[in-house]
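Remember, it's 1-based here, ligands and their atoms both numbered in the order they're listed.
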Amino acid sequence: MEMDYPQLYRQVAFLPKRDANIALREFSINHKWRENAFIVDFGSGDGSTTATVLEKHLPVCYNKIIGCDISAKMVEYANENYGTNKIEFIEWDITQEIPQHLRGAFDHAFSSYTLQRIKQQKHAFSNIYDSLKEGGSCLLLILGRYLVYDIFRSLSRTKKWAEDLKDVDIFISPYHDSQIWSRLSIHSVFSIRDGTDSWQIISS
Ligand SMILES: C[S@@+](CC[C@H](N)C(=O)[O-])C[C@H]1O[C@@H](n2cnc3c(N)ncnc32)[C@H](O)[C@@H]1O
């Protein structure tokens, strides 16, 4: 689900930044970034997490970060405020076909607080996989259980909010009701693309 208010998002996006920082710190301790790496950030939003958190954890010798987002407004804002010669933001819906030049192009994929917004999970995960080079890795932060979703659900059953929240299930994480993920609210999944066309989950 697209978001269209970059300035507003920037003011409230402290949780993604905090969680991305923790996950990236752990990733950087336990795993190696490739030399001269080409990196993608799926669902980069206003670009602030990409430029002020992800970038700070990379070795200086990284090649380039591409942030992608389904929202043209987010992409425009991100390029204006955080674009550099090494950070570029592009419009791309990750459930749609990968642009040819980005197929198998990336050494590392990153995503924070985005995948839970997507209903076509299989398409998104296939595309993340296909965007990576052989041996490339990804670090994905996905919102699972979240108290606020329960509040939305309860409100949607009240007379006052029923109309406004009639599509409530569209924005509830597909992992919110998961039995496996029921106790934690944020999950980081780290995985490597191996040669077998399957996910080799290293940690989660
Ligand atoms: C909650 S924001 C997260 C932004 C940023 N990653 C962060 O951690 O601050 C989620 C972003 O995902 C984008 N998004 C939603 N569905 C998408 C899709 N199918 N493809 C690409 N981006 C998508 C939204 O437009 C929004 O900017």
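- Residue contact annotation: Tyr9 has a non-hydrogen atom under 4.0 Å from ligand 1.
- Applying the 4.0 Å criterion to heavy atoms of Thr49 picks out, from ligand 1, the atoms 7 (C), 8 (O), 9 (O).
- Selection from Gly67, Ala124, Ala13, Gly43 by nearest heavy atom to atom 5 (C) of ligand 1 gives Gly43.
- Using modelled atom types, one finds no donor on one side chain facing an acceptor on the other under 3.5 Å when comparing Ser44 with Asp69.
- Using a 4.5 Å cut-off between side-chain heavy atoms of Ile, Leu, Val, Met, Phe, Trp and Tyr, Val60 forms no hydrophobic cluster with any other residue.
- Side-chain contact, Gln116 with Tyr146: no donor N or O sits under 3.5 Å from an acceptor N or O.
- For ligand 1, the polar-atom distance check finds no N/O of Phe42 at less than 3.5 Å from any of the ligand's N/O atoms.
- For Asp46, no nitrogen or oxygen atom sits less than 3.5 Å from a nitrogen or oxygen atom of ligand 1, counting backbone and side chain alike.
- Annotation for ligand 1: atoms under 4.0 Å from non-hydrogen atoms of Trp92 are 20 (N), 21 (C).
- At least one side-chain heavy atom of Tyr113 sits less than 4.5 Å from a side-chain heavy atom of Leu15.
- Of all atoms in ligand 1, numbered sequentially from 1 with element shown, those under 4.0 Å from a heavy atom of Arg117 are 10 (C).
- Residues Ser156 and Trp161 have side chains that never bring a donor and an acceptor to within less than 3.5 angstrom of each other.
- In terms of N/O distances under 3.5 Å, ligand 1 is not approached by Asp41.
- Between the side chains of Lys17 and Ser48, a donor-acceptor pair is found at a separation under 3.5 Å.
- Within the listing of ligand 1, atoms 18 (C), 19 (N), 20 (N) sit less than 4.0 angstrom from a heavy atom of Asp93.
- Atom 8 (O) of ligand 1 has its nearest heavy-atom neighbour, among Ser112, Ala78, Gly47, in Ser112.
- Ranked by closest heavy atom to atom 25 (O) of ligand 1, the top entry among Asp19, Asp69, Ile118 is Asp69.
- Between Tyr149 and Phe171, the distance separating the two ring centers is not shorter than 6.0 angstrom.
- The closest side-chain donor-acceptor pair between Arg10 and Tyr77 falls under 3.5 angstrom.
- Geometrically, ligand 1 and Ser44 share no nitrogen or oxygen pair separated by less than 3.5 Å.
- Any N or O atom pair closer than 3.5 Å counts here, and Met74 shares no such pair with ligand 1.
- Using a 4.5 Å cut-off between side-chain heavy atoms of Ile, Leu, Val, Met, Phe, Trp and Tyr, Leu8 falls into a hydrophobic cluster with Tyr5.
- For ligand 1, the polar-atom distance check against Cys68 finds no nitrogen or oxygen pair separated by under 3.5 Å.
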